[in-house]
Amino acid sequence: MFIPYFYFMIYPRVKFNIDHKLDIDVIANFIDKKIGDFDFGQDRIISEHPKLEKAKLLSSNKKLSFVEEYVKEYYHKHANEIETATEKMQALWQEIEELYYTEIYRLFGGLDFYKPDLISAYVSITKCGVIGDDQKSFQIWYNTMGEPTEVKRHVAHEVLHFYYYAYLDKKGMKKILQDWDTAEIFNVVILNLPQFIKLTGKKEEGYKIHQNKLRFYKDLWVKSGELDKYLSSIQGSPPSPQLPS
């Protein structure tokens, strides 16, 4: 009997966890952050937690203490909601996990080049969505549980990032390894392929700043026909604002 190659796949499990200390650190570090005209702290933190506006006026030490007290109180008041969200999101991802990794296998031609056997999804009270420097952890807003397709899309997005970066490192493609724009555009191109939309149930919208570049890269994917050709074609010319729309 023929057994599909992916029957023997070994892949990293995504485990949803609660870590309020991580939220404290992220809030304290990102509440003042701006990216150009975009007020990241306001949009991703204060919009959901208006009381934290006060923290922006405090010194570093007082800010950390204020944030710590607020986060501990919030977690205490919303403990049941956060725990329920953690359980529900774990179940939602497990619905598609094996099929998702099957598509990742087909895309990259293997899974063993990404070494961690566990990826931590930290349920957060903010929308920061911070990724760990170790490329094996990320945050997800706990209220995302109210939109099951977004839970699946979000996890698919972050795991694809981890495999993408590991693959570039394996191939020695250093010119685009640290290019954030290229990575985000890659996710839009790949996660909007029919096989991935079928799994997540939702389109990958991407960032507004990349919208005028997407047609170029989607066409490039079709023209390339496979991953290595696509990556090689952009190795010497990562995205720039001057690319055609």
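Quick note: residue numbers are just sequence positions, from 1.
The backbone N or O of Val188 sits less than 3.5 Å from a side-chain atom of Asn192, completing a donor-acceptor pair. With Tyr101 contributing its side chain and Pro12 its backbone, the two residues share a donor-acceptor pair below 3.5 Å. Between the side chain of Glu226 and the backbone N or O of Asp228 there is at least one donor-acceptor pair closer than 3.5 Å.
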Practice task
Any chance you could lay out the side-chain contact (heavy atoms from CB on, under 4.5 Å) test for Ile24 and Leu64, step after step, and finish with the verdict?
Solution key: CA-CA 8 Å; Ile24 292 170; Leu64 183 59; 3.9 Å; yes
Exercise for the section: Start with the C-alpha distance between Asp179 and Phe186, add both sets of side-chain angles, then the distance that settles side-chain contact (heavy atoms from CB on, under 4.5 Å), and finish with yes or no. Expected result: CA-CA 11 Å; Asp179 192 280; Phe186 178 79; over 6 Å; no
Problem - From CA spacing to verdict: ring-ring contact (aromatic ring centres under 6.0 Å, His included), Phe138, His154 - result: CA-CA 10 Å; Phe138 63 90; His154 186 114; 5.8 Å; yes
Handout entry: Trace of the side-chain contact (heavy atoms from CB on, under 4.5 Å) decision for Gln94 with Arg13
Key = CA-CA 9 Å; Gln94 286 176 343; Arg13 302 288 178 172; over 6 Å; no
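Here the closest heavy-atom approach between residue Thr149 and residue Gly201 is recorded as CG2-O, 3.8 Å.
Within a 6.0 Å radius of CD in Gln195, more than 12 heavy atoms belonging to other residues, nucleotides or ligands are found. By the 6.0 Å contact criterion, NZ on Lys198 is open, its count of non-hydrogen atoms from other residues, nucleotides or ligands being 12 or less. More than 12 heavy atoms of other shown residues, nucleotides or ligands fall within 6.0 angstrom of atom CG in Asp134. Within 6.0 Å of NZ in Lys33 there are 12 or fewer heavy atoms belonging to other residues, nucleotides or ligands.
Lys223 and Asp219 are not joined by a salt bridge, as no carboxylate oxygen comes within less than 4.0 angstrom of a charged side-chain nitrogen.
The hydrophobic cluster containing Phe66 also contains Ile46, counting ILVMFWY residues as joined when their side-chain heavy atoms lie under 4.5 angstrom apart, directly or transitively. Hydrophobic clustering (side-chain heavy atoms under 4.5 Å, transitive across Ile, Leu, Val, Met, Phe, Trp, Tyr) keeps Tyr207 apart from Ile131.
Aromatic ring pairs are classed by plane angle as parallel below 30°, tilted from 30° to 60° and perpendicular above 60°; the pair Tyr230 and Tyr217 is perpendicular. Between His157 and His161, the two ring planes are perpendicular [angle over 60°; tilted spans 30° to 60°].
Atom OG1 in Thr182 sits 10.0 Å away from atom NZ in Lys213 (nearest 0.5 Å).
Residues passing the side-chain hydrogen bond (donor to acceptor under 3.5 Å, both in side chains) test with Tyr100: none are found, sequence neighbours excluded.
Evaluated for a side-chain hydrogen bond (donor to acceptor under 3.5 Å, both in side chains) with Tyr70, the options His49, Lys51, Lys54 yield exactly one hit, His49.
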